[in-house]
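What follows is a short report on a single structure.
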Amino acid sequence: MTRVPGRRLRSVVQRLHRRYGDQHWWPGDGGFEIMVGAVLTQNTAWVNVERALANLRREAHLAPERIAVCHPRRLARLIKPSGYFNVKAKRLRNFCRWYMEQGGTAALRRRSTEDLRHGLLSVNGIGPETADDILLYAFERPVFVIDAYTRRVLSRLGMIRGDEPYDELRLGLEHALGPDVPLFNEFHALLVRHGKDVCRPKPRCDACCLRRGCGRIGLRTED
DNA sequence: ACCCAGGGTCATA
DNA sequence: TATGACCATGGG
């Protein structure tokens with residue numbers, strides 16, 4: 001099991017927050033819109049998701065009962081800007097049908113986090129990261145979201161290897177930080193922000209994200 | 001022209 | 001268990 005010192009993790013959060021400030025995640029409003037956004041943003045830039053969400057809102061389709069019965073063609077046309085529109089149309093419909101079968105938000109809110117997570121993962125098109133986005137940002141459960149930025153930033157800081165299985169990392173970070181919804185919310189948003197800023201897949205300069213890049217912005221964990 | 005983005009599924013070994 | 005192909009738009 002991956003062990004990460006909570007002390008160092010909190011230090012990273014502090015420095016990221018000093019650099020970037022409050023991220024105010026999740027952007028947009030309403031629990032259901034967050035869930036739709038979580039599916040649409042799979043491997044997709046958020047700006048394109050906003051266009052898709054705007055289309056859905058304009059056609060009064062940003063509601064589970066509308067999406068659940070929407071013809072895949074039309075749904076695909078509405079969400080086209082977010083890419084992978086054919087697969088995502090099916091995924092959205094799968095999710096909305098499950099969502100309504102379960103009795104909607106009120107019924108889902110009464111469930112335990114573990115039960116909810118298991119249910120979300122049973123939907124074809126909802127993987128671990130999307131499920132955890134929904135759990136943390138829509139249901140405000142203390143679940144740490146692991147994504148490519150988390151792996152990249154923390155591995156370049158030497159705190160993890162980076163190729164650990166999803167749940168191993170998630171449980172490791174949850175254990176290190178303790179159940180803390182506002183902290184998990186802000187930390188994940190800051191990791192994404194930092195990744196977009198300087199921690200690129202292919203570093204532009206020498207050890208950009210570790211020795212130089214992160215050093216410049218006070219993120220170096222050595223010294 | 002190239003890289004990349006707030007992943008997941010499915011077939012294959 | 002672990003790779004690889006595939007899905008597709010749009011910004012820098």
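Excluded from the calculations below are hydrogen atoms, water molecules and symmetry mates; all remaining heavy atoms, backbone and side chain alike, are included. Each chain gets a letter, A, B and so on, in the order the sequences are listed, and its residues count up from 1.
Taking the P atoms as reference points, dG10(C) lies 22 Å from dG8(B), given to the whole Å. Spacing between dG11(C) and dA1(B) at atom C1', rounded to whole Å, works out to 15 Å. For the C1' atoms, the distance linking dA8(C) with dC4(B) amounts to 13 Å, nearest Å.
In this structure, of dG8(B), dG6(B), dT9(C), it is dG6(B) that holds the atom nearest to the side chain of Pro27(A). Here the side chain of Trp25(A) is nearest to one of dG11(C), dG7(B), dG6(B), namely dG6(B). When distances are taken from the side chain of Phe85(A) to each of dG6(B), dA8(C), dC4(B), the shortest belongs to dA8(C). The side chain of Asn124(A) lies closest to dT9(B), out of dG7(B), dT9(B), dG6(B).
If you check every strand for non-hydrogen atoms under 4.0 Å, Pro128(A) touches sugar and phosphate atoms only. Residue-level contact check: Thr130(A) touches the backbone only, with heavy atoms under 4.0 Å from sugar-phosphate atoms and none from bases. If you check every strand for non-hydrogen atoms under 4.0 Å, Lys80(A) touches sugar and phosphate atoms only. The residue Asp133(A) sits apart from the nucleic acid: no heavy atom pair falls under 4.0 Å. As judged by a 4.0 angstrom heavy-atom cut-off over every strand, Val192(A) is placed among the base-contacting residues. Residue contacts for Ile126(A): at a heavy-atom cut-off of 4.0 Å it reaches the sugar-phosphate backbone alone, with no base atom in range. Looking at heavy-atom distances under 4.0 Å, Arg91(A) makes contact with a base.
The CZ atom of Arg66(A) sits 4.5 Å away from the NE2 atom of His61(A) when rounded to the nearest 0.5 Å. The distance from atom CZ of Phe187(A) to atom NE2 of His17(A), rounded to the nearest 0.5 Å, is 12.5 Å.
Distances shown here put every side-chain N or O of Arg200(A) at or beyond 4.0 Å from the OP1 or OP2 atom of dC2(B). Distances shown here put every side-chain N or O of Arg152(A) at or beyond 4.0 Å from the OP1 or OP2 atom of dG6(B). Contact check, Asn86(A) against dA8(C): a side-chain N or O comes under 4.0 Å of OP1 or OP2. In this structure, Asn48(A) does not reach the dA8(C) phosphate: none of its side-chain N or O atoms is under 4.0 Å from OP1 or OP2.
With rounding to whole Å, Trp46(A) atom CH2 is found 13 Å from dA5(B) atom C1'. Counting to the nearest Å, the P atom of dG8(B) and the CD1 atom of Ile146(A) are 12 Å from each other. Atom pair Glu50(A):CD and dG11(C):C1' shows a separation of 13 Å (rounding to whole Å applied). Rounded to an integer number of Å, the gap from Glu186(A) CD to dG6(B) P is 16 Å. Distance, Phe184(A) CZ to dG6(B) C1': 18 Å, rounded to whole Å. In this entry the distance linking NZ of Lys88(A) with C1' of dA8(C) reads 9 Å, nearest Å. Atom C1' of nucleotide dA2(C) and atom CD of Glu168(A) are separated by 15 Å, given to the nearest angstrom. The distance between atom CZ of Arg170(A) and atom P of dG6(B), rounded to the nearest whole Å, is 22 Å.
Remark: the backbone N or O of Ile126(A) is not paired with any side-chain donor or acceptor of Arg91(A) at under 3.5 angstrom. Between the Thr41(A) side chain and the Ala38(A) main chain, no donor and acceptor come within less than 3.5 Å of each other.
Using a cutoff of 4.0 Å between basic side-chain nitrogens and carboxylate oxygens, Arg170(A) and Glu174(A) are scored as salt-bridged. A salt bridge links Arg117(A) with Asp167(A); the closest basic N to acidic carboxylate O contact falls under 4.0 Å.
In terms of position along DNA chain B, the nucleotide closest to Ala45(A) lies nearer the 5' end than the nucleotide closest to the other residue of the pair Ala45(A) and Ala131(A). Two residues, Arg51(A) and Asn43(A), neighbour DNA chain C, and the one matched to the more 5' nucleotide by heavy-atom proximity is Asn43(A).
Between Phe32(A) and Phe95(A), the ring planes lie parallel to each other; the angle is under 30°, not in the 30° to 60° tilted range.
Residue-nucleotide stacking is not present for Tyr137(A) and dG6(B), judged by a side-chain ring centre under 5.5 Å from the six-membered base ring centre and planes under 30° apart.
Within the shown strands, dG4(C) is the pairing partner of dC10(B) under the Watson-Crick or G-U definition, both distances less than 3.5 Å.
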